[in-house]
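Encoded as structure tokens, the structure appears first; notes follow it.
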Amino acid sequence: MRILVAGATGYLGRFVVAEGVSRGWRVRALVRDARRAAFSSKVELFEGRATETDSLARVAEGVDVVVSSLGITRQTDRVGYAQVDYGGNLALLREAERAGARRFVYVSVLHPEHTRHTDMVREKERFVAELRASSLSCAVVRPTGFFSDMAPIFEMARGGRVWVFGEGDAEINPIHGADLAELCLDVAADERSEVEVGGPETFTQRAIAELAFDVLGKPPKIASLPDWLVGAGLAVTKPLSRRRWNVGAFVSTVCRRRMVGPAFGRRRLRGFFEERAAG
């Protein structure tokens, strides 16, 4: 099996590359700067930018499956979700079609109907529609949330106080990137078309905060952000920074809804927090 990993230097992408290598697959990683890409010598690097279509020419040549978690996270480029989450993935899809790839696996979000009002999710799902209409066999993987998404809660606990949305009683079962990478490559090798997934443990937002304090050996100090205050903050942010509004609107929405998917994997959130504490 030969795979192309897009978003290879992101949180999930790095685990997908490592999982592919561990399976003995041939792995090509799409990277923005090959000199800064710290991958095994077994990984073939392809330097290109998702927003520059010409740089992607032949990126999928000889590839069986494309696995993409490509999307804007903390990039500082002056580009938007339409250019990256939609346009960048669409350019990859067209290259995969031209190269005769067999399958395309795309990582989006769970329950997009709740967060489609944000540019981020709207553009992701716009690409999903293009993917479904393509000639390739395809799959959409929908995780509840990554362990890395829980890191801000841990850092708030380190600072002495955690703020939760509302009462902090919305449930989620986040998943470690290594576990999700394993699932993505399982899906790359089978015929599933849509997979919802979460980690092995379900927490409320408040329970995640309590776990962070416990790992740090601190007494829990948890405060609530009322809905009216969150709404006011988003209203002020939107005209000033569309990017920050998108992140805030997405986070505040998912943190007040149940985001629980079928359990998968073996890694525990406590271990992730312990690594952060030690590091």
Side-chain angles (χ1 to χ4, degrees), residues 1-75 84-85 88-108 124 127-128 131 134-143 146-148 175-193 195 197 264-267:
M1 176 83 76
R2 185 168 195 169
I3 62 170
L4 167 67
V5 182
T9 56
Y11 171 73
L12 175 59
R14 289 181 287 111
F15 288 114
V16 174
V17 169
E19 177 67 18
V21 170
S22 73
R23 294 187 183 202
W25 295 3
R26 290 185 294 171
V27 180
R28 179 181 298 162
L30 174 62
V31 299
R32 289 155 54 102
D33 186 345
R35 293 170 299 179
R36 298 176 62 184
F39 288 121
S40 159
S41 59
K42 296 179 180 179
V43 178
E44 176 191 352
L45 302 181
F46 188 103
E47 190 171 277
R49 291 176 176 262
T51 54
E52 299 172 7
T53 304
D54 290 347
S55 74
L56 300 179
R58 302 178 68 84
V59 67
E61 198 73 27
V63 164
D64 299 304
V65 181
V66 177
V67 180
S68 177
S69 58
L70 180 68
I72 290 179
T73 51
R74 296 178 180 83
Q75 294 176 12
V84 179
D85 293 67
N89 281 296
L90 183 61
L92 285 171
L93 176 60
R94 297 297 178 241
E95 283 297 324
E97 290 173 331
R98 276 193 286 271
R102 179 182 65 82
R103 189 158 166 79
F104 196 115
V105 177
Y106 178 61
V107 181
S108 186
K124 286 181 182 296
F127 172 68
V128 168
L131 183 59
S134 77
S135 59
L136 271 62
S137 167
C138 65
V140 179
V141 177
R142 299 191 179 278
F146 302 152
F147 277 14
S148 60
I175 186 169
H176 193 285
D179 288 332
L180 183 55
E182 182 180 336
L183 177 71
C184 286
L185 295 197
D186 288 347
V187 170
D190 63 33
E191 297 302 320
R192 282 176 284 181
S193 62
V195 182
V197 63
F264 183 87
R266 65 184 185 277
R267 293 168 178 85

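Model, not experiment: these values are computed from the prediction.
For the pair Arg23 (side chain) and Glu182 (backbone), a donor-acceptor distance under 3.5 Å is present.
The side chain to side chain donor-acceptor pair (under 3.5 Å) search around Arg266 returns none, not counting sequence neighbours. For Phe104, the ring-ring contact (aromatic ring centres under 6.0 Å, His included) criterion is met by Phe127, not counting sequence neighbours. Partners of Ser137 by side chain to side chain donor-acceptor pair (under 3.5 Å), not counting sequence neighbours, listed by chain and number: Arg103. Looking at residues two or more places apart in sequence or on another chain, you find a side-chain contact (heavy atoms from CB on, under 4.5 Å) between Ala178 and Phe15, His176, Arg267.
When all heavy atoms are compared, the tightest approach of Val105 to Ala188 is CG2-CA, 3.8 Å. Summarising the geometry of Leu45 relative to Ala34, their closest heavy-atom pair is CD1-O, 3.9 Å, with the distance given to 0.1 Å. Closest approach of Ala139 to Leu131, counting heavy atoms only: O-CD2, 4.2 Å. Taking all atoms of both residues into account, the shortest heavy-atom contact from Asp85 to Tyr106 is O-OH, 4.0 Å. Nearest heavy atoms, Tyr11 versus Gly177: OH-N, 2.9 Å. Here the closest heavy-atom approach between residue Ser108 and residue Arg142 is recorded as OG-NH1, 3.5 Å.
Between Lys124 atom NZ and Asn89 atom CG the span is 7.5 Å, to the nearest 0.5 Å. To the nearest 0.5 Å, the span separating CG on Leu12 from CD on Glu19 amounts to 11.0 Å. Considering CG of Leu90 and CG of Leu70, their distance stands at 11.5 Å, rounded to 0.5 Å. Going from atom CG of Leu180 over to atom CZ of Phe147 covers 11.0 Å, rounded to the nearest 0.5 Å.
Applying the ring-ring contact (aromatic ring centres under 6.0 Å, His included) definition to pairs two or more places apart or across chains, none involves residues 24-47.
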Solution key, residues 54-64 side-chain donor-acceptor pairs under 3.5 Å, sequence neighbours excluded:
unit_1	atom_1	unit_2	atom_2	d
Ser55	OG	Arg49	N	2.9
Ser55	OG	Arg49	O	3.1
Ser55	OG	Glu52	O	2.7
Asp64	OD2	Arg2	N	2.7

(message) Could you walk me through whether Arg28 and Val5 satisfy the side chain to side chain contact (heavy atoms under 4.5 Å, CB included) test, starting with their C-alpha distance in whole Å, then the side-chain angles of each, then the deciding distance to 0.1 Å, before giving a yes or no?
(response) CA-CA 6 Å; Arg28 179 181 298 162; Val5 182; over 6 Å; no
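Residues Arg32 and Thr9 are not in side-chain contact: their nearest non-hydrogen atoms beyond the backbone lie 4.5 Å or more apart. Val16 is not listed as a side-chain neighbour of Ser69, based on a closest heavy-atom distance of 4.5 Å or more. Side-chain contact check for Leu185 versus Ile3: some heavy-atom pair is nearer than 4.5 Å. Contact of the Leu136 side chain with the Glu97 side chain is registered, since non-hydrogen atoms from C-beta on lie closer than 4.5 Å. A heavy-atom distance below 4.5 Å is found between the side chains of Arg192 and Leu183.
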